[in-house]
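Heads up, the thing below is written out as structure tokens.
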Protein chains: 2
Amino acid sequence: MKPAEQLRFLVLAAQREGNRILLDLLRPVGVSPSQAEVIRVLADHGPLSLVDLGLLLVCETGSPSRLVDGLVAATLLERMPAVGDRRRVILSLTDAGREKEVSIREVEATLHGFIEQSLSPVEIASVNATLHKFVSGRPAGIAVVKRSAAPVRADMH
Amino acid sequence: MKPAEQLRFLVLAAQREGNRILLDLLRPVGVSPSQAEVIRVLADHGPLSLVDLGLLLVCETGSPSRLVDGLVAATLLERMPAVGDRRRVILSLTDAGREKEVSIREVEATLHGFIEQSLSPVEIASVNATLHKFVSGRPAGIAVVKRSAAPVRADMH
DNA sequence: TGTTATTGAATGACATGTCATCAATATAGC
DNA sequence: GCTATATTGATGACATGTCATTCAATAACA
């Protein structure tokens with residue numbers, strides 16, 4: 001098998017296995033990996049419209065209407081009409097959502113600990129540099145870059 | 001953001017973006033990335049039961065009943081009862097499936113060319129080694145290893 | 001043999017991920 | 001101001017991905 005083909009499947013395999021680990025870790029918390037990402041993004045990057053949230057998500061392109069639906073139904077998120085634009089909806093965490101976010105951060109710390117235990121800092125940095133090169137300029141890559149920057153809450157603008 | 005966390009999102013981003021590229025390339029062929037993987041595995045590793053197919057797939061765990069359903073409906077695959085075990089179903093490509101496999105290989109060559117154009121051989125080898133370390137021992141990692149070995153058709157046993 | 005446990009595949013259920021479409025609202029350009 | 005265009009979010013459609021359950025068939029074994 002060509003190295004490029006192997007890369008393709010190893011990236012897929014790593015994503016699948018990582019997601020399964022996260023799925024297991026998040027089960028007691030009661031949210032899915034995608035839902036966890038939405039909650040973390042909203043916690044770090046303040047109230048956002050659907051489109052703006054979508055631009056920060058790696059897990060999905062476009063506007064994550066239905067992903068948000070489930071979180072609103074679980075009363076972890078609130079939808080509020082935007083003030084100057086009646087098309088837009090502003091999403092923010094509820095108190096329950098903020099509590100959930102604490103548990104999510106703990107789970108993520110566990111996962112990151114596992115990654116750091118499996119791979120050396122040099123290996124991690126090397127993979128990061130290469131994968132970043134591959135996704136840079138594409139939607140998911142842009143989202144990672146924006147998220148990598150320091151969290152910016154809307155109320156800090 | 002911690003490097004380990006960045007790694008997590010970069011792997012997700014690379015999988016998503018790669019999948020979108022493959023989705024676009026495969027659209028004219030008329031199969032999805034997962035369907036293409038099934039066809040390629042069956043072409044390379046001969047007739048297989050559902051479980052055995054599942055063990056070679058990176059895209060999915062368990063037995064890919066429904067994934068196969070679609071391919072049988074498209075007459076790209078054939079289901080045949082196994083001879084000594086009436087529970088098992090043996091899957092093999094039809095003539096149409098074998099024709100489709102040629103187109104799929106062409107598309108994959110394009111994608112691999114794009115990967116090789118984006119990343120150097122050293123970068124690819126390095127990422128492969130690290131990701132392999134991460135997924136080794138897990139189902140998706142085992143599938144990649146089995147697939148990486150030379151294709152073994154059932155009729156060559 | 002007869003009983004129990006295990007396996008293989010199919011299926012129901014539910015959340016994702018992608019695409020296309022639609023209604024309401026804003027914006028641009030005249 | 002008015003019309004054409006663009007944007008926002010919701011929704012239908014369809015294939016994935018995961019889990020649990022079910023049913024038939026086989027294997028294990030007392």
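Worth knowing before you read on, the calculation uses all heavy atoms, side chains too, and leaves out hydrogens, waters and symmetry mates. Nothing here was measured: the structure is a model prediction, and the numbers come from that model. Chain naming here is simple, since letters A, B, ... match the order of the sequence lines and numbering starts at 1 in each.
Per the geometry, CZ belonging to Arg79(A) stands 9 Å off C1' belonging to dA10(D), to the nearest Å. The nearest whole Å value for the distance from the CE atom in Met80(A) to the C1' atom in dT8(D) is 17 Å. For Asp85(B) and dT26(D), the CG to C1' distance is 6 Å, given to the nearest whole Å. Nucleotide dG9(D) holds its P atom 14 Å from the CG atom of Leu67(A), rounded to whole Å.
The shortest distance between the side-chain N/O atoms of Arg87(A) and the OP1/OP2 oxygens of dT7(D) is not below 4.0 Å.
Sequence order on DNA chain C of the closest nucleotides to Ser32(A) and Gly84(A) puts Ser32(A) first from the 5' end.
Between the Arg147(A) side chain and the Leu56(A) main chain, a donor and an acceptor come within less than 3.5 Å of each other.
For the side chain to side chain donor-acceptor pair (under 3.5 Å) with Lys2(B), the qualifying choice from His112(A), Glu108(A), Glu116(A) is Glu116(A), the only one to do so.
Think of the region where chain B sits on DNA chain C: with heavy atoms and a 4.0 Å cut, that region ends 5' and 3' at dT7(C) to dC19(C).
For the atom pair OG (Ser63(A)) and CG (Leu57(A)), the distance works out to 10.5 Å, reported to the nearest 0.5 Å. Between Ser49(B) atom OG and Leu55(B) atom CG the span is 8.0 Å, to the nearest 0.5 Å.
Interface residues of residues 13-28 of chain A facing DNA chain D, ordered by number: Arg16(A), Arg20(A), Leu23(A), Arg27(A); criterion, heavy-atom separation under 4.0 Å.
Counting non-hydrogen atoms under 4.0 angstrom, Ser65(B) reaches a base of the nucleic acid.
Residues Ile142(A) and Phe9(B) do not share a hydrophobic cluster, clusters being chains of Ile/Leu/Val/Met/Phe/Trp/Tyr side chains in contact below 4.5 Å.
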